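Worksheet: the structure to be examined is printed underneath.
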2 protein chains.
Amino acid sequence: MSPRLSSHKPQAKAQIFAALGDETRLSLLIRLSDGQRQSIAQLTEGSKLTRQAVTKHLRILERVRIVHSTRAGRESLFAFNPEPLDELKRYLDLVSERWNQTLSRLKSFVEINDE
Amino acid sequence: MSPRLSSHKPQAKAQIFAALGDETRLSLLIRLSDGQRQSIAQLTEGSKLTRQAVTKHLRILERVRIVHSTRAGRESLFAFNPEPLDELKRYLDLVSERWNQTLSRLKSFVEINDE
DNA sequence: ATAATATGCAACCAGGAGGTTGCCCTATGG
DNA sequence: CCATAGGGCAACCTCCTGGTTGCATATTAT
């Protein structure tokens, strides 16, 4: 019923996790998750970083489809895309499930846990 | 009711995501999520990597508490800890929630989405 | 037309990440 | 007691990452 862990490509997941493994990119993600499309210049405001740095981060997020950009005149607008995050959540659920199966299995042994 | 996004420390979350942003560490995580404690030597088996490399990865996972180690004789056994992953799931849920609020808000405008 | 705005591209740089090797220390099994 | 198995520590190397700067290009506003 639930897709097995083995059916997930680990490298793809790792790439998404890695994209989220940066404070700057997380904050960009938060700013975009409110649904407002924002230009690079807008996203750079209040960021202490250069526009180029922000651009690089956005491209990284874009490569794993957490974000996607469309050109509008002279500016390129970035928008949030929740799909990859949902994918990660499902992945984490599978790990949890695997873990919980173990717990119930252990419970049947009625072991004393001397942790 | 649900904790706001602003109450989460972004750098802490970024560190956890970063810890998961590596294929080797993801596979270690999978191997440990079955509940069996495993030594470094065991985890190194079939890994193509050196024991030292595996150790480094384990330490990274340990620093964010995804894994924890206990010394048992001459070997140190690593065990999985699901808490940080649950934390991440909650975090991702908050982002999704933020996103969905926007969707319903947009829906009230009855806009034509020409994406 | 011109100036200003928004971005792209490329080179460059410092530091960190992933990985290896060598050596030392501590348990454990004969 | 000695050989061996399991690890820790530290040095070292290479490559990627995050960031910057400089310059070129395309829109937009005046």
Side-chain angles (χ1 to χ4, degrees), chain A residues 9-32 36-80 84, chain B residues 9-32 36-80 84:
Chain A
K9 303 165 194 164
Q11 67 180 35
K13 298 289 178 300
Q15 263 191 294
I16 305 180
F17 278 123
L20 297 176
D22 179 283
E23 211 172 329
T24 301
R25 289 196 288 272
L26 271 190
S27 66
L28 285 173
L29 172 62
I30 300 300
R31 287 185 64 166
L32 285 172
Q36 300 293 330
R37 292 183 177 190
Q38 281 179 268
S39 69
I40 297 178
Q42 285 178 310
L43 290 168
T44 301
E45 283 185 58
S47 166
K48 294 176 186 172
L49 294 185
T50 314
R51 172 181 57 86
Q52 291 302 333
V54 174
T55 301
K56 282 193 180 180
H57 284 298
L58 288 171
R59 296 304 173 199
I60 290 174
L61 289 173
E62 190 178 27
R63 206 186 319 152
V64 294
R65 296 175 39 249
I66 291 179
V67 126
H68 77 108
S69 67
T70 55
R71 200 62 191 257
R74 69 180 159 188
E75 56 191 358
S76 73
L77 298 178
F78 282 79
F80 175 68
Chain B
K9 302 168 197 165
Q11 67 179 33
K13 299 290 178 297
Q15 263 191 295
I16 305 180
F17 278 122
L20 297 175
D22 180 281
E23 212 172 327
T24 301
R25 289 195 290 271
L26 271 190
S27 66
L28 285 172
L29 172 62
I30 300 300
R31 287 186 63 165
L32 285 172
Q36 299 294 331
R37 294 182 176 191
Q38 280 179 270
S39 70
I40 297 179
Q42 284 177 311
L43 290 167
T44 302
E45 282 186 60
S47 166
K48 293 177 185 170
L49 294 184
T50 314
R51 172 179 56 85
Q52 291 303 330
V54 174
T55 301
K56 283 192 180 182
H57 285 297
L58 287 172
R59 296 306 174 197
I60 290 175
L61 289 173
E62 190 177 28
R63 205 185 319 152
V64 294
R65 297 175 37 250
I66 291 178
V67 125
H68 78 109
S69 66
T70 55
R71 201 62 192 260
R74 68 181 160 187
E75 57 191 356
S76 73
L77 298 178
F78 282 79
F80 175 67

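Treat the numbers as computed from the prediction; the structure is a model and nothing was measured. Note that these values count all heavy atoms, side chains included, but never hydrogens, waters or copies made by symmetry. Note on naming: letters A, B, ... go to the chains in the order of the sequence lines (proteins, then strands), and numbering restarts at 1 for each one.
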S69(B): partners by side chain to side chain donor-acceptor pair (under 3.5 Å), with sequence neighbours left out:
E62(B)
State which residues pass side-chain contact (heavy atoms from CB on, under 4.5 Å) with Q38(B); sequence neighbours excluded, sorted by chain then number.
R31(B), L32(B), Q42(B), L43(B)
So V64(A) and P84(A), do their side chains get closer than 4.5 Å, heavy atoms only?
no
Ranking R63(B) and T50(B) by the position along DNA chain C of their nearest nucleotide, the one closer to 5' is R63(B)
Answer yes or no: is there a side-chain heavy-atom contact under 4.5 Å between L26(B) and L20(B)?
yes
Residues touching DNA chain D, which here means a heavy atom under 4.0 Å, drawn from residues 15-30 of chain B:
none
In chain order, what residues pass the side chain to side chain donor-acceptor pair (under 3.5 Å) check against R65(A), with sequence neighbours excluded?
E83(A)
With E23(A), which residues qualify under side chain to side chain donor-acceptor pair (under 3.5 Å), at least two apart?
none
Suppose the criterion is side-chain hydrogen bond (donor to acceptor under 3.5 Å, both in side chains): which pairs have a residue in residues 48-57 of chain A, not counting sequence neighbours?
R25(A)-H57(A)
Taking heavy atoms of chain B and a 4.0 Å limit, find me the 5'-most and 3'-most nucleotide of DNA chain C within that range.
dG18(C) to dT28(C)
Could you check which residues of residues 51-62 of chain B get a heavy atom under 4.0 Å from DNA chain D? Sort them by number, please.
R51(B), Q52(B), T55(B), R59(B)
With sugar-phosphate meaning primed atoms plus P, OP1 and OP2, does S76(A) contact a base, only sugar-phosphate, or nothing at under 4.0 Å between heavy atoms?
sugar-phosphate
Would you please test L61(B) and F78(B) for side chain to side chain contact (heavy atoms under 4.5 Å, CB included) and show each step?
CA-CA 10 Å; L61(B) 289 173; F78(B) 282 79; over 6 Å; no
Any heavy-atom pair between the side chains of V67(B) and L28(B) that's under 4.5 Å?
no
With A79(B), which residues qualify under side-chain contact (heavy atoms from CB on, under 4.5 Å), at least two apart?
R37(B), H68(B)
For DNA chain D, note the earliest and the latest nucleotide, 5' to 3', having some atom under 4.0 Å of a heavy atom belonging to chain A.
dG18(D) to dT28(D)
When rounded to the nearest 0.5 Å, the distance separating NZ of K13(A) from CD1 of I30(B) is 10.5 Å
How would you list, by chain and number, every residue that makes a salt bridge (charged side-chain N to carboxylate O under 4.0 Å, His left out) with R63(A), sequence neighbours excluded?
none
F80(B): ring pair (Phe, Tyr, Trp, His ring centres under 6.0 Å) partners, not counting sequence neighbours:
W99(A)
